[in-house]
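In what follows, every heavy atom counts, from backbone to side chain, and hydrogens, waters and symmetry copies are set aside. Reminder, nothing fancy here: chain letters follow the sequence lines and each chain counts from 1.
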Amino acid sequence: MKTLKESGLNKEEMIQAYTHILKGRRLDERLWQLTRIGKASFNISGQGHEVAQVAMAMAFEPEKDFFLPYYRDMTACLVWGMSAKDVLLGSFGKEADPSSHGRQMPNHYGSKKHNIISHSSTVSTQFPLATGVAYSALLAKKDFVALTATGEGSANQGEVQEAMNFAGVKKLPVIFVIENNGYAISVGIKEQYANETMAMRGPAYGFPGIQVNGNDFTETYLAFKKVVADAREGKGPALIEMMVQRLTSHSADDDHTVYRSQKDIENLKKNDGLLVMEKQLIEEGYLTREEMKDIDSRLKAEINQATDEAEAMADPDPETILEQVYAD
Amino acid sequence: MKTLKESGLNKEEMIQAYTHILKGRRLDERLWQLTRIGKASFNISGQGHEVAQVAMAMAFEPEKDFFLPYYRDMTACLVWGMSAKDVLLGSFGKEADPSSHGRQMPNHYGSKKHNIISHSSTVSTQFPLATGVAYSALLAKKDFVALTATGEGSANQGEVQEAMNFAGVKKLPVIFVIENNGYAISVGIKEQYANETMAMRGPAYGFPGIQVNGNDFTETYLAFKKVVADAREGKGPALIEMMVQRLTSHSADDDHTVYRSQKDIENLKKNDGLLVMEKQLIEEGYLTREEMKDIDSRLKAEINQATDEAEAMADPDPETILEQVYAD
Amino acid sequence: MAMMTYLEAIRKGIEEEMTRDEKVVIFGEDVGGVKGGVFGVTKGLAEKFGDERCFNTPLTEGQIGGLAVGLGTMGYRAIGEFQFADYILPAVNQLISEASRMRYRTKGDWTAPIVYRAPYGGGVRGGLYHSQSTEKVLFGQPGLRIVTPSSVYDAKGLIKAAIRCDDPVLFYEHKRLYRLLKEDVPEEDYVVPIDKANVVRKGDDITVIGYGMVLNHALKAADALSEEGIEAEVVDVRSLYPLDKETLIKAAKKTGKVLLVTEDNKEGSIMSEIAAIIAEEALFYLDAPIKRLAGPDSPSMPYALSLEREFLVTEDKVLAAMKELAEF
Amino acid sequence: MAMMTYLEAIRKGIEEEMTRDEKVVIFGEDVGGVKGGVFGVTKGLAEKFGDERCFNTPLTEGQIGGLAVGLGTMGYRAIGEFQFADYILPAVNQLISEASRMRYRTKGDWTAPIVYRAPYGGGVRGGLYHSQSTEKVLFGQPGLRIVTPSSVYDAKGLIKAAIRCDDPVLFYEHKRLYRLLKEDVPEEDYVVPIDKANVVRKGDDITVIGYGMVLNHALKAADALSEEGIEAEVVDVRSLYPLDKETLIKAAKKTGKVLLVTEDNKEGSIMSEIAAIIAEEALFYLDAPIKRLAGPDSPSMPYALSLEREFLVTEDKVLAAMKELAEF
Ligand SMILES: Cc1ncc(C[n+]2csc(CCOP(=O)(O)OP(=O)(O)O)c2C)c(N)n1
Ligand SMILES: Cc1ncc(C[n+]2csc(CCOP(=O)(O)OP(=O)(O)O)c2C)c(N)n1
Ligand SMILES: [Mg+2]
Ligand SMILES: [Mg+2]
């Protein structure tokens with residue numbers, strides 16, 4: 001593991017990173033809670049992906065770069081600018097939900113204001129879209145970069161190959177990310193792919209492929225820093241495979257104790273990236289346990305307030321069901 | 001270039017190989033002729049691929065192995081057992097055509113009798129099918145191998161990735177082939193893919209990927225010999241990229257002089273695999289120029305007779321248009 | 001007789017056929033192992049029949065589609081599961097270009113007996129991509145059959161018929177009926193014809209035609225109307241393609257007042273074809289316009305409860321439409 | 001006025017729009033470079049507008065579909081060409097899941113103004129995979145428009161309207177009309193409405209509705225019939241989805257005798273929806289069953305001339321059906 005210091009981020013930035021990670025965790029816990037009590041009908045969780053997502057997202061410039069996320073990318077979306085309330089509006093399916101105005105299921109993130117492009121439930125369709133976003137940077141002669149992510153199971157979809165192939169040919173400023181948590185619902189990686197790493201597929205399409213330990217904040221952050229800088233300079237795309245863990249069941253509709261052993265599940269918790277990061281932060285003197293608690297309390301208060309506010313917002317009006325099918 | 005001797009084939013086999021190659025060339029010339037005079041409405045040609053195809057096909061056992069070809073694979077189909085007449089019946093669109101009974105365009109090869117599975121015009125759909133054929137070898141506990149081929153442009157289709165990925169996971173006895181002739185109609189390889197070789201994609205799906213010079217009979221043959229033996233023993237799939245040339249326009253509907261320079265076209269002819277092979281055969285003492293001429297005359301007579309016979313066969317009866325849409 | 005749900009009836013039917021014929025294999029995402037499908041339809045099959053005959057595939061629907069075709073050409077009977085009917089879309093090319101045409105394009109030399117299973121239908125808070133009725137996308141592709149059971153009895157008999165059928169069959173399962181319907185069905189082996197609509201209720205006043213959830217609504221509404229002295233003939237389409245024209249036309253002629261109900265969008269649904277058939281074959285028997293009751297023309301169902309409710313064809317809506325037609 | 005073919009009119013329309021709006025870009029297989037498309041529609045555009053605005057893609061239709069959506073979200077107007085309408089099938093997922101729903105699922109926050117062009121139709125000895133009318137596959141997907149011109153005037157005006165339209169538009173071009181139709185069209189800028197059917201001939205005796213090649217047959221047949229004193233109202237559907245119900249219903253009511261003609265299979269065609277609309281909205285105006293003239297229900301057109309002829313809806317068949325209806 002690399003030290004946090006080696007990331008080159010200053011103390012304030014590092015605390016910011018930690019705050020995002022913890023916020024991702026706490027907000028997701030709230031979403032589960034709402035699902036359990038029936039106030040939300042569904043949740044799919046990024047727990048275990050948060051450190052990697054924050055390290056990834058902080059290597060970009062959200063005001064100008066575009067993000068095409070997948071359903072576990074809530075924490076990355078927070079770094080990109082979405083608020084806890086924005087996320088909660090989606091879970092409640094409210095009209096004010098910036099992701100879809102209540103049209104899509106929870107966890108289908110998007111926000112015009114924040115350069116986050118809406119995705120569907122059909123996995124990996126965002127990959128070809130990301131190449132279009134990146135191609136527009138060439139056309140506009142601008143130096144923004146597109147980022148898109150998916151799971152390791154979803155990365156086997158043919159559209160992923162087609163998008164990577166095109167990006168390689170056109171040397172597009174797009175970073176492809178595979179968040180490898182070892183499972184596609186119940187299917188382990190042995191039944192998903194036979195190659196040693198998913199990162200190997202980068203070179204098979206003509207650009208770098210890098211595997212990083214997603215619990216290693218600095219390794220992940222620096223890997224992205226490099227490929228984002230290259231993409232911005234016109235050197236073309238990259239594929240980054242982040243090794244992460246899925247700490248929870250696949251979704252609210254799944255029970256992973258059916259197909260994962262008790263021991264495996266306990267091991268997951270031991271390697272929880274959040275705890276790894278907290279240990280590093282303390283050891284390297286960025287934060288004390290006490291300060292962390294303060295941050296946590298602040299976040300909980302913020303999330304509580306956001307929950308109340310979001311819940312109080314209006315549901316979509318049934319009369320709007322045919323709005324925006326076509327342009328007026 | 002390897003010598004022909006290094007192939008390990010005996011003289012008879014080597015002459016057989018040459019005969020197939022020359023037959024592929026002469027038969028294709030006949031198909032062009034029929035197209036020019038309006039007796040066939042279409043041709044798409046394997047000229048420049050013949051040496052590679054024969055080296056490939058001779059590494060299999062056509063009586064038990066299954067072939068899922070693409071439209072340029074006529075010469076390989078001859079090795080697999082199809083006759084000149086079988087091919088011509090397809091070009092004339094006759095009811096007796098074993099490929100499709102006149103249902104498909106010319107050059108869509110297939111033959112139940114010869115273990116050649118029908119393909120569509122939609123490129124690369126045969127790749128997933130080939131994995132099904134290979135999976136059936138596991139189920140039946142038999143040691144047959146499936147072979148499927150496509151062009152380097154078509155190999156970018158998402159279904160190719162999906163099929164290769166599955167074959168890697170299940171260690172299937174299937175050999176994937178990319179016949180790389182540098183063009184997808186008018187699109188050169190720089191606009192098709194950015195990876196150094198297409199063969200690299202094998203390892204990206206967990207199995208060997210080998211690039212061979214398709215004009216080098218022995219190199220090609222030995223590469224296939226090895227991967228076929230491995231597949232037969234349960235060691236899993238392989239990808240072979242054969243570097244070949246497209247000596248003609250893409251098809252009867254194309255004119256390659258529009259997008260290829262006169263010089264390029266002349267260079268193609270200089271490196272014609274048929275000529276390369278003939279030189280080798282003479283130098284290594286397999287055949288004399290005279291003997292080659294004899295073979296050629298024999299083939300021409302055979303093709304002439306096949307043409308007459310095929311042309312005389314019946315056209316499909318219009319009343320059969322709704323036959324075999326469904327099982328009876 | 002044995003009491004079981006619609007879901008259990010499908011599982012039982014598959015299990016019986018896998019026992020009866022060892023050429024039957026089943027696969028899909030999460031289908032194998034201990035999970036046995038995200039809805040649990042294939043639970044226990046891997047344990048009973050082994051990991052070769054019941055297995056997980058990578059997350060690649062095109063590959064699922066083509067794998068089944070390849071197995072079909074080799075004499076196996078593949079059952080490929082699409083996790084949701086929404087996720088058939090990546091496999092449309094394989095289903096149309098390959099599965100539905102293998103027989104026709106070889107005049108029966110090669111065939112592809114396949115069952116593609118897919119849970120469809122809305123009212124489960126699934127949003128745009130977990131609620132769709134995608135049958136219209138594959139409708140009208142000669143060579144392919146589309147069927148769906150609307151009762152427990154049919155669920156078992158129809159899946160068995162589909163597996164025994166020598167054609168590729170797309171087998172839609174209504175996900176809301178999985179656990180909603182529970183019935184006594186015969187213990188002994190029976191099949192339901194693959195190509196017949198079913199008059200599930202006799203009546204002389206109006207004819208209601210539908211399938212799936214809305215068919216069950218219609219049956220309840222018919223009972224309610226019966227108390228008011230209105231008797232509805234209710235027809236379960238069951239074989240969505242090709243349609244059983246004879247039964248449908250007869251039922252339309254019988255009452256002269258036809259209500260077509262679907263939970264899909266109105267335009268382009270299977271009910272449109274049925275309307276066209278009746279308008280062509282039974283026009284002068286009609287005493288009222290052919291009325292279609294369907295969802296609004298928005299892209300599937302939005303997520304928010306307010307919007308989903310607005311979209312859904314409910315029992316109340318069916319009852320009201322039936323009443324209106326009776327009074328016409 | 002300027003004399004041009006249907007093909008030239010499409011090219012001219014694209015050229016004018018690319019000149020007018022630099023956000024318009026065009027791409028596809030063989031679309032760029034000197035070839036300019038396998039039919040030559042885009043010839044000269046790369047030279048005129050540069051290789052960034054007119055370019056070749058790799059042979060990957062899913063990618064073409066998604067690239068266009070990504071460009072659309074960034075404010076560009078992508079024109080993506082599918083080389084044949086048959087090869088839309090690998091892109092169906094992108095077209096339905098992404099292009100047609102980006103607007104609705106974000107309530108207009110993100111949009112995808114796109115033109116997907118595709119040559120369709122048979123009678124060119126294209127066999128099963130170069131003759132298809134695939135519009136039925138995409139029909140009934142709210143959010144997507146499908147249009148097709150049947151005259152030179154409309155070809156130019158409609159492609160321009162499609163490019164300016166803020167919705168994704170699937171633009172079908174009949175490949176037999178490309179060079180068959182030649183007309184004088186205005187030099188000045190004009191557009192044809194994207195959502196209106198067109199009454200192309202007035203008559204009081206029967207109403208014929210169609211589009212594409214068969215619409216041209218109907219016009220000729222109407223002239224022939226006129227000499228026998230039968231006057232046909234002929235309607236060009238033009239906007240295949242959503243349909244211009246008003247015009248279609250009005251035309252049906254006008255004569256009370258409706259013939260619907262399509263070169264597609266009979267079942268599941270767009271004519272079925274038109275029949276359903278008329279049966280629902282104009283039933284009591286009808287003096288004859290709504291007759292559909294279409295191809296037989298075989299998988300597209302077989303290759304052999306005898307079979308292709310049997311499949312095709314010819315001018316003679318249209319004339320005979322019109323006569324029969326008039327005499328009803
Ligand atoms: C095309 C498609 N097929 C199937 C699904 C159903 N599905 C949703 S998530 C998922 C597993 C995804 O696994 P992975 O890509 O590893 O991502 P993870 O959930 O582990 O982050 C499946 C099969 C889908 N959404 N889209
Ligand atoms: C899915 C699909 N898209 C487009 C086409 C049209 N098409 C036929 S062959 C071809 C080029 C193929 O190039 P390559 O794969 O390199 O094979 P080659 O013809 O060079 O052997 C194209 C674009 C097709 N048949 N199928
Ligand atoms: Mg995963
Ligand atoms: Mg090529």
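Of the atoms belonging to C:E52, heavy atoms from both backbone and side chain fall under 4.5 Å from chain B. Contacts of C:R101 with chain B are absent, with no heavy-atom separation under 4.5 Å from either backbone or side chain. Neither the backbone nor the side chain of C:E22 comes within contact range of chain B, judged by heavy atoms closer than 4.5 Å. For C:I64, no part lies under 4.5 angstrom from a heavy atom of chain B. Only the backbone of C:D51 comes within contact range of chain B, with at least one heavy atom under 4.5 Å from a heavy atom of that chain.
A donor atom on one side chain and an acceptor atom on the other are found under 3.5 Å apart for B:D28 and B:S45. Looking only at atom types and distance, the side chain of B:S121 has a donor-acceptor partner in the side chain of B:H108 under 3.5 Å away. In this model, no donor atom of one side chain and acceptor atom of the other lie less than 3.5 Å apart for C:Q63 and B:N165. Side-chain contact of C:S100 with C:Q141: a donor-acceptor pair under 3.5 Å is absent, judged by distance alone. If you check the side chains of B:N180 and B:Y193, you find a donor sitting under 3.5 Å from an acceptor.
If you tally non-hydrogen atom pairs under 4.5 Å between each of B:K170, B:E159, B:Q161 and chain C, the highest count goes to B:E159. Put simply, of C:D166, C:D167, C:T106, the one with the most heavy-atom pairs under 4.5 Å next to chain B is C:D167. With chain C as the partner, the residue from B:T320, B:D328, B:L68, B:I321 showing the most heavy-atom pairs under 4.5 Å is B:I321. Chain C forms the most heavy-atom pairs under 4.5 Å with one residue out of B:P98, B:S111, B:A146, B:G102, and that residue is B:S111.
Residues B:S118 and B:Q104 share a closest heavy-atom pair of OG-NE2, 3.7 Å. Of all non-hydrogen atoms in C:F171 and C:L158, the two that sit nearest each other are CE1-C, 3.6 Å.
Within a 6.0 Å sphere centred on NZ of C:K245, heavy atoms belonging to other residues, nucleotides or ligands number 12 at most.
For C:F82 and C:Y87, the gap between ring centers reaches or exceeds 6.0 Å.
Ring geometry for B:Y326 against C:Y241 counts as tilted: the plane angle lies between 30° and 60°, on a 0 to 90° scale.
Residues of residues 230-240 of chain B having a heavy atom under 4.5 Å from any heavy atom of chain C: none. Within residues 78-85 of chain B, no residue approaches chain C closer than 4.5 Å by heavy atoms.
Put simply, the residue from C:D86, C:T148, C:T134, C:I88 that forms a side-chain contact (heavy atoms from CB on, under 4.5 Å) with C:Y120 is C:T148.
For C:D189, the side chain to side chain contact (heavy atoms under 4.5 Å, CB included) partners are C:E16, C:E17, C:K160, C:R164, not counting sequence neighbours.
Judged as a side chain to side chain donor-acceptor pair (under 3.5 Å), the pairs with a partner in residues 33-50 of chain C (not counting sequence neighbours) are, in order, A:D254-C:K35, C:E15-C:K48.
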